[in-house]
Novice: 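Supplied in C-alpha cells, the structure appears directly below.
Just so you know, residue 1 is the first one in the sequence shown, and it goes up from there. Whatever order the structure lists them in is the order used to number ligands and atoms, beginning at 1.
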Amino acid sequence: MLQVVAAQRTRDGAGVALARSIGSRALPMLDPFLMLDEIRSDRAGDYIAGFPDHPHRGFETVTYMIDGAMEHRDSVGNHGLLRGGSIQWMTAGRGIVHSEMPKQEGGLLWGFQLWVNLPKRLKMTTPRYQDIAPADVPEVSGSGAHVRVAAGDAFGAKGPIRDIIVAPTLLDVRVPANATFTHEASSAQSAFAYVLDGGLEIGGERIQIDRGHLAVLGPGATIVARTGSREGRMLLVMADPIGEPVARRGPFVMNTDDEIDQAFADYRAGRLTDG
Ligand code: FE
C-alpha cells in the first residue's frame with residue numbers, strides 16, 4: 001500500500017505560510033530527506049516576512065523555485081537571487097548563518113525547500129553553495145513527459161549540481177493528459193513524488209493523488225504515474241538512505257543530542273561558522 005501524506009499548513013521563518021510534507025508528524029523523515037516545504041501563494045502577507053538571519057548546521061538545504069524570486073545572503077559573503085526555474089544547493093556543513101527573503105512585493109511566489117541530511121563524517125564540512133540559473137537546468141523529454149533534471153541523471157541528461165555527498169535525483173516532471181510515465185529507481189533508494197498540479201495515479205493503485213500530497217515510493221520501485229484528462233506535474237526525488245542516528249532541533253541536524261547542544265552553544269557564542 002502506497003503511503004500518501006497530505007502536506008500540513010504551518011508557518012516558519014518570520015511567519016511564512018507553507019505546506020510541510022516531510023518533517024510533519026505524519027512523515028517525520030524519509031532518510032536522507034529531513035524536510036520538504038512548499039511555499040505557494042499570491043498573497044504577499046503569506047510570504048513577505050521571509051526568513052531573516054538564521055543558522056544551519058549538519059545538512060544541506062535545497063531550494064527549487066518555480067515562480068517568483070528569493071534573495072539570499074549569508075555570513076561568509078555569498079549573495080544571490082533565486083528566480084523561477086533556478087535551484088540552489090547549500091551545504092551548511094559545520095555552520096552558516098543566512099537569510100532568505102522574497103524579492104517581490106506581490107504576485108505569485110512558488111518554490112520548495114528540501115533538507116537533505118549529511119553523513120556523520122561530513123556534518124562539519126566547509127559550507128558551500130551551488131547557485132544554478134534556470135537556463136542551466138536541462139529539460140528533456142522522457143517517457144512521454146517533459147522533465148527538468150535539477151539534480152542527478154535521467155533520460156540521458158545530467159543535472160547541474162556537482163560533487164554533493166548524498167547525491168539525490170531531483171526531477172520536475174510534467175506528464176501530459178492521458179499518458180503514463182515510468183522511471184526506474186535503483187534498488188536501495190528512498191523515493192517520493194510530490195504532486196504540484198493536476199492529479200496523478202502513482203504506482204499500481206488506481207487512486208488519484210492531488211496537488212499538495214506526497215507519495216512515498218517503495219525501494220527499487222519502477223515509478224509509474226498516470227494522468228487523466230489533465231496534465232499532471234510532480235517533483236520526483238530519490239536518494240540512497242544514510243542509515244545513521246538523527247538528532248534534530250530547529251535548524252540543526254546532527255547524530256546525537258550532545259552535538260545539538262554543542263551547535264546551540266556555538267551559535268550563542270558566535271562560533272557556529274568558525275573553521
Ligand atoms: Fe535557511
Novice: Checking one residue: Met65. Which other hydrophobic residues are in its cluster under the side-chain 4.5 Å linking rule?
Specialist: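 So far as hydrophobic clustering goes, Met65 is joined with Val16, Leu18, Ile39, Tyr47, Ile48, Phe51, Met70, Leu82, Leu109.
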
Novice: Between His79 and His72 (judged by ring centroids, cut-off 6.0 Å), do the two rings come close enough to count as a pair?
Specialist: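 Between His72 and His79, which both carry aromatic rings, the centre distance is not below 6.0 Å.
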
Novice: Between Met29 and Val253, is there shared hydrophobic-cluster membership here, with clusters defined by ILVMFWY side-chain heavy atoms closer than 4.5 Å?
Specialist: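 As far as the 4.5 Å side-chain criterion goes, Val253 and Met29 are connected within one cluster.
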
Novice: Let me check something: any side-chain donor-acceptor pairs from residues 145-159 under 3.5 Å, sequence neighbours excluded? List them with distances.
Specialist:
unit_1	atom_1	unit_2	atom_2	d
His146	NE2	Glu139	OE1	3.0
Arg148	NE	Glu139	OE2	3.1
Arg148	NH1	Tyr64	OH	2.9
Arg148	NH1	Gly85	O	3.1
Arg148	NH2	Gly85	O	3.1
Arg148	NH2	Pro134	O	3.1
Asp153	OD1	Lys158	NZ	3.4

Novice: What protein N/O/S atoms sit under 2.8 Å from the Fe ion (ligand 1), by chain and number?
Specialist: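 As for protein N, O or S atoms lying under 2.8 Å from the Fe ion (ligand 1), they are His54 NE2, His56 NE2, His98 NE2, Glu100 OE1.
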
Novice: Once salt bridge (Lys or Arg N to Asp or Glu O under 4.0 Å) is applied, do any residues pair with Glu201, and if so which ones, sequence neighbours excluded?
Specialist: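 Scan of Glu201 (salt bridge (Lys or Arg N to Asp or Glu O under 4.0 Å), adjacent residues dropped) gives Arg206, Arg226.
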
Novice: Restricting to non-hydrogen atoms, name the atom on Val246 and the atom on Leu34 that form the minimum distance, rounded to 0.1 Å.
Specialist: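 Smallest heavy-atom distance, with atoms named: CG1-CD2, 4.2 Å.
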
